[in-house]
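Notes to accompany the following structure.
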Amino acid sequence: MFAAFLPLGLTSFGGPVAHLGFFRTAFVERRSWMSDAAYADLVALCQFLPGPASSQVGMAIGLQRAGFLGLAAAWTAFTLPSAVALALFGLVVASVDIGPHAGWLLGLKAAAAAVVANALMGMAASLAATRGRAAIAAAAAVAMLLAPVPALVQIGVILAGGLCGFLLGAPPAPGAQASDRSAAPAAAVHNRTLGAVALVLFAAGLVLLPLAAQWGPAADLFDRTYRAGALVFGGGHVVLPLLEGELAGLVAPDAFLAGYGAAQAVPGPLFTFAAFLGAVATPFGGIAGAAVALAGIFLPSVLLVVGVMPFWDALRRRAWARRALAGVNAAVVGLLGAAFWDPVITGGITSNAALAVAVAAFVALRHFGAPPWAVVVAAGLAGAALL
């Protein structure tokens, strides 16, 4: 399992949608580990859950194929390359007095603005396409922008979005329902007792970790990243507003945006951005901070995959669950829209030249199909020359 996933961890550029395509090629077409229908069922499950969809699909494949050690091997191989790269970049940023106005850092922040704008347009087109869901997204954005402490209202916005989706009868978001022809999970993942225990542990983490955060800075960092990983519906770029809110005071805003831009230039899951944040966090950072933050942000996904798989076949048939998920997805579009303004625009676009770099990067991404890693590298070089 490790050998199967390591090449994907080294080469899977392009974000979660591209990752899912790579997984299908590797495990459905080349290795014939599962049918297209079974793979579609796993993708649907992981789109239904909060957290990084592509990482969760990898975890589920590992769990089905080789049990819990298979899950650990799949996650480690897919996550380690980008996590190591971003942690090392974080060590450089934390240990070298680069200064907030270094041109290449300003270029990375401009690239982050382009990437988020591109993601926001794509998500709005698919997840907030109807009037009802567009209204949910707009209300979520307004609530976040007007809230005196945005981090405290994020959970409420997500829950309110789910309730509105349920009441409005919004249609399910694309990909939220798998084909009924999907193969059932292997017998090893049919243990509902174990699934229930995992779900209880997931909920207990949200309740008990804030209390444990008083034990010290390491526990505090773990609590903050766990909460972000547990509440990120929509995956990918939606982690930006949650992490920005959770880690306020631990990570400097300039370093946060620069790291987010750098995260676009590495393969693997975007959630490994947490490794960078842990490395630059104060007062607990470095390699230990990177490891704690990485464990914190991915642990909810492990518990959810193990917990929900035994119940998934029944849950996915419930129309109310799909309606609520559609409302949640619309709300996270609003969360990302609010984050696009603050901190991405207000913190990342500080001059006309920076705006020019961001616009050029956006056009390259949106209209020329340039790979994100190439756009980020080019933006960093342009920033070094112009900013």
Side-chain angles (χ1 to χ4, degrees), residues 1-2 4-5 20 23 27 33-35 37-80 162 176-212 219 222-223 225-233 235 269 271 291-292 294-318 320-322 324-325 328:
M1 190 62 61
F2 187 91
F5 272 90
L20 294 177
F23 285 179
F27 304 122
W33 282 2
M34 62 185 64
S35 67
Y39 181 68
D41 194 49
L42 289 184
V43 172
L45 166 63
C46 297
Q47 289 178 333
F48 186 88
L49 299 175
S54 59
S55 293
Q56 289 170 327
V57 168
M59 293 175 188
I61 292 172
L63 183 65
Q64 284 192 336
R65 184 79 178 174
F68 296 109
L69 288 179
L71 182 155
W75 174 79
T76 301
F78 185 57
T79 306
L80 197 60
Q177 184 178 13
S179 168
D180 288 340
R181 296 180 289 106
S182 298
V189 293
H190 270 285
N191 190 329
R192 292 197 170 193
T193 301
L194 182 61
V197 170
L199 292 177
V200 169
L201 290 175
F202 169 82
L206 290 172
V207 175
L208 299 179
L209 283 177
L211 302 177
F222 187 86
D223 167 51
T225 51
Y226 181 93
R227 190 158 49 248
L231 299 175
V232 180
F233 283 90
F271 275 48
V292 167
L294 198 66
I297 202 167
F298 278 104
L299 179 58
S301 295
V302 174
L303 295 175
L304 285 171
V305 168
V306 173
V308 173
M309 282 188 73
F311 305 98
W312 171 236
D313 190 59
L315 181 61
R316 70 186 176 91
R317 300 174 192 275
R318 301 290 189 265
W320 65 265
R322 299 196 302 272
L325 178 64
V328 167

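Given the structure is predicted, the values throughout are model-derived calculations rather than measurements.
In this structure, Ser54 and Phe23 approach most closely via the heavy-atom pair O-CE1, 3.1 Å. When all heavy atoms of Gly162 and Val328 are compared, the closest pair comes out as CA-CG2, 3.5 Å. For the residue pair Pro210 and Gly205, the shortest heavy atom distance occurs at CD-O, 3.8 Å. The heavy-atom pair separating Phe271 from Pro52 by the smallest distance is CE2-CD, 3.5 Å. Among all heavy-atom pairs drawn from Arg192 and Pro310, the shortest one is NE-O, 3.5 Å. The shortest heavy-atom contact between Val306 and Ala198 is CG1-CB, 4.0 Å.
Rounding to the nearest 0.5 Å places CG of Leu206 at 9.5 Å from CG of Leu208.
Taking the six-membered ring for Trp and thresholds of 30 and 60 degrees, Phe202 and Tyr226 have ring planes inclined between 30 and 60 degrees apart.
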Validation: residues 67-78 side-chain donor-acceptor distances under 3.5 Å, sequence neighbours left out:
unit_1, atom_1, unit_2, atom_2, d
Trp75, NE1, Thr79, OG1, 3.2
Thr76, OG1, Ala72, O, 2.7

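In this structure the side chain of Gln64 reaches within 4.5 angstrom of the side chain of Met309, judged on heavy atoms.
A search for side-chain contact (heavy atoms from CB on, under 4.5 Å) contacts involving Val292 returns Leu221, Phe222, Phe284, not counting sequence neighbours. Shown here are the side-chain contact (heavy atoms from CB on, under 4.5 Å) partners of Leu231, two or more places apart in sequence or in another chain: Ile155, Ile158, Arg227, Leu242. Not counting sequence neighbours, the partners of Ala4 by the side-chain contact (heavy atoms from CB on, under 4.5 Å) test are Phe27, Arg31, Trp33.
Among pairs with a residue in residues 295-311, those fulfilling side chain to side chain donor-acceptor pair (under 3.5 Å) read Gln56-Ser301, at least two apart in sequence or across chains.
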